[in-house]
S.K.: 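One structure, as structure tokens, below. Some questions next.
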Amino acid sequence: MSFAEYGDTIKDGDTAIVFLGHESMFPVKVQHGTVTQTKYGVIRHSTDLIGKKYGSKVTCSKGGWVFILHPTPELWTMNLPHRTQILYSTDISIITMMLELKPGSIVCESGTGSGSLSHAVIRTVAPTGHLYTVEFHQQRAEKAREEFREHGVEHLVTVTNQDVCRNGFGVSNIADAVFLDIPSPWEAIGHAKSALKAEGGRICSFSPCIEQVQRTCLAMEEYGFTEINTLEILLRVYNVRTISLQIPDLGKAAEDNSSTGFDSSNLSNQGSPCSNLQQGAVQFKSGVPLREMVGHTGYLTFATKSLF
């Protein structure tokens, strides 16, 4: 099993996702002789998981069932243990696109944090690219190395425990892209420029406060970066549901319609959205936004290293 390559069969030592529903899932490390408790009963790894295909429907001891899914960066983002605040798929998707990442890209990242973005970057640059990620906190750096090893991607990533603002990324003139998610990104812009390849490259900085963005943009200008722009991603989800509206009383006009041979009862036989007519009301599908939505997460500032 690898987060960068799909494996068909569940093996001992794999990380799998136990899917109980869209709002209920969790990761589990598959180990021979181990059991996992769910609200539907026990899952026995030796008999219920190992050797089965990913995507299998597994019946638990109480008769309920779950699906066992192959891990992906998107599923890991939803289920990972939080050591820090993380980036979610909404921001990650625009970051990978705007940094122009592709298989073979070399990427520098700071800080590693909980590894949400790291897993997505690794999947994008595999099989020939590489991620150099820097984490200031020693315990978080060690935990990240352990997770990358368990997830079968340790050959695609190098984790360094140091202060990127003082010591940089440990590489020079090789990176296609640099990503910064640190409290003072303006202090690391010079090191980011040194890490980027000589013929140019892209940089992205994630900051929750606009004051951080302002100082970062000034530093980017000072170091000769061009095409500096800042954006914010806001996700608004709609629910599709059936609503019922009263048919208005149009008086004489409605009577005129009836005299022309119009029969509203035929609507129910035409497969139209106005089916399921009730007395004096009509039902149809409508998209309604949620009462609450995910608001501000952070500002994304992108820039390009100047060739001159």
Side-chain angles (χ1 to χ4, degrees), residues 1-93 96 113-124 126-127 143-157 235 237-242 275-276 285 287-288 290-294:
M1 183 278 302
S2 170
F3 274 59
E5 299 175 0
Y6 181 78
D8 189 57
T9 305
I10 305 172
K11 300 181 177 63
D12 189 15
D14 282 3
T15 298
I17 305 296
V18 179
F19 181 88
L20 292 82
H22 290 289
E23 302 297 328
S24 180
M25 64 184 88
F26 59 90
V28 61
K29 184 175 181 179
V30 179
Q31 294 178 309
H32 185 77
T34 302
V35 298
T36 296
Q37 294 282 351
T38 74
K39 63 181 181 180
Y40 300 126
V42 171
I43 301 174
R44 296 174 176 81
H45 294 200
S46 300
T47 57
D48 297 332
L49 299 184
I50 297 176
K52 300 289 181 66
K53 290 183 178 296
Y54 278 106
S56 296
K57 183 178 179 180
V58 173
T59 302
C60 305
S61 61
K62 293 181 180 179
W65 49 266
V66 299
F67 287 106
I68 307 300
L69 305 181
H70 192 285
T72 65
E74 291 78 14
L75 289 175
W76 185 245
T77 290
M78 297 172 62
N79 294 282
L80 58 77
H82 286 232
R83 300 183 288 273
T84 60
Q85 291 289 336
I86 69 169
L87 292 179
Y88 289 92
S89 296
T90 306
D91 289 315
I92 291 173
S93 60
T96 55
S114 301
S116 175
L117 176 67
S118 304
H119 282 81
V121 169
I122 290 170
R123 194 261 308 274
T124 303
K143 185 61 178 177
R145 289 193 193 97
E146 179 184 340
E147 285 182 350
F148 293 142
R149 183 169 57 253
E150 290 179 351
H151 299 165
V153 295
E154 71 276 10
H155 62 292
L156 297 170
V157 58
L235 178 65
V237 179
Y238 279 75
N239 276 340
V240 177
R241 67 183 187 184
T242 301
S275 59
N276 300 322
K285 297 291 185 182
V288 181
L290 300 180
R291 292 181 180 273
E292 297 180 358
M293 62 173 280
V294 176

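Since we're looking at a predicted model, the values are computed, not measured.
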S.K.: On a heavy-atom basis, which atom in Thr90 and which in Ser93 lie closest, and how many Å separate them?
M.R.: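 Minimum heavy-atom contact is O-OG, 3.0 Å.
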S.K.: Apply the test side-chain contact (heavy atoms from CB on, under 4.5 Å) to residues Ile17 and Met78: give CA-CA distance (whole Å), side-chain angles for both, the deciding distance (0.1 Å), then the verdict.
M.R.: CA-CA 10 Å; Ile17 305 296; Met78 297 172 62; over 6 Å; no
S.K.: Quick check: does any side chain N or O of Thr84 sit under 3.5 Å from a backbone N or O of Gly113, one acting as donor and the other as acceptor?
M.R.: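 Not confirmed, Thr84 side chain does not pair with Gly113 backbone.
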S.K.: At what distance, to the nearest 0.5 angstrom, does CD of Gln31 lie from OG1 of Thr36?
M.R.: 9.0 Å
S.K.: Kindly compute the distance separating CH2 (Trp76) from CD1 (Ile86), expressed to the nearest 0.5 Å.
M.R.: 10.5 Å
S.K.: Could you grab the distance from atom OG of Ser118 to atom CD of Glu147, nearest 0.5 Å is fine?
M.R.: 9.5 Å
S.K.: Hey, is the main chain of Tyr40 close enough, under 3.5 Å, to the side chain of Thr38 for a donor-acceptor pair?
M.R.: yes
S.K.: For Ile10 versus Lys53, what's the shortest heavy-atom pair and its separation?
M.R.: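 Smallest heavy-atom distance, with atoms named: CD1-O, 4.2 Å.
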S.K.: Measure from the side-chain N and O atoms of Asn79 to the backbone N and O of Pro27, and report whether any donor-acceptor pair falls under 3.5 Å.
M.R.: no
S.K.: Quick one: CG on Leu75 to CG on Leu80, what's the gap to the nearest 0.5 Å?
M.R.: 11.0 Å
S.K.: Consider only side-chain N and O atoms of Thr15 and Lys29, and report whether a donor and an acceptor are under 3.5 Å apart.
M.R.: no
S.K.: Considering residues, nucleotides and ligands other than His82, do more than 12 of their heavy atoms fall under 6.0 Å from its NE2?
M.R.: yes
S.K.: Report yes if the side chains of Lys52 and Thr9 come closer than 4.5 Å at any heavy-atom pair, otherwise no.
M.R.: no
S.K.: Under the side-chain contact (heavy atoms from CB on, under 4.5 Å) criterion, do Arg44 and Ser61 qualify, and how do the steps go?
M.R.: CA-CA 9 Å; Arg44 296 174 176 81; Ser61 61; 4.2 Å; yes
S.K.: Check step by step if side-chain contact (heavy atoms from CB on, under 4.5 Å) holds for His119 and Phe148.
M.R.: CA-CA 8 Å; His119 282 81; Phe148 293 142; 3.7 Å; yes
S.K.: For Ser46 and Gly33, indicate whether the former's side chain and the latter's backbone hold a donor-acceptor pair under 3.5 Å.
M.R.: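 It does hold such a pair.
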S.K.: For Pro127 and Leu156, which heavy atoms make the closest approach, and how far apart are they?
M.R.: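 Closest approach of Pro127 to Leu156, heavy atoms only: O-CD2, 3.7 Å.
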S.K.: For Tyr54 and Ala16, work out which heavy atoms get closest and say how close.
M.R.: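 Closest pair (atom of Tyr54, atom of Ala16, distance): CE2-CB, 4.0 Å.
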S.K.: Is there a side-chain contact (heavy atoms from CB on, under 4.5 Å) between Met1 and His70 once you walk through the steps?
M.R.: CA-CA 8 Å; Met1 183 278 302; His70 192 285; 4.0 Å; yes
S.K.: With a 4.0 Å cut-off on N to O distance, would you call Lys143 and Glu146 a salt bridge?
M.R.: yes
S.K.: Would you say Ser116's side chain and Leu87's backbone share a donor-acceptor pair under 3.5 angstrom?
M.R.: yes
S.K.: Please report the shortest heavy-atom distance between Pro71 and Phe3, naming the atom on each side.
M.R.: CB-CZ, 3.4 Å
S.K.: Between Thr59 and Trp65, is there a donor-acceptor pair closer than 3.5 Å when you use the side chain of the first and the backbone of the second?
M.R.: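 No.
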S.K.: What is the distance from atom CD1 of Ile122 to atom CG of Leu117, rounded to the nearest 0.5 Å?
M.R.: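 That separation rounds to 9.5 Å.
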S.K.: So, taking the atom named CG in Leu20 and the one named CE in Met25, what distance separates them when rounded to the nearest 0.5 Å?
M.R.: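 Those atoms lie 9.0 Å apart.
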S.K.: side-chain contact (heavy atoms from CB on, under 4.5 Å) with Phe19: which of Leu69, Val58, Ile68?
M.R.: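 The residue from Leu69, Val58, Ile68 that satisfies side-chain contact (heavy atoms from CB on, under 4.5 Å) with Phe19 turns out to be Leu69.
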S.K.: Compare every heavy atom of Val30 with every heavy atom of His45, then report the nearest pair and how far apart it is.
M.R.: ND1-CA, 3.6 Å
S.K.: Would you say that Thr72 contacts Tyr6 through its side chain, given a criterion of any heavy-atom pair below 4.5 Å between the two side chains?
M.R.: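 The answer is no; the side chains never approach within 4.5 Å.
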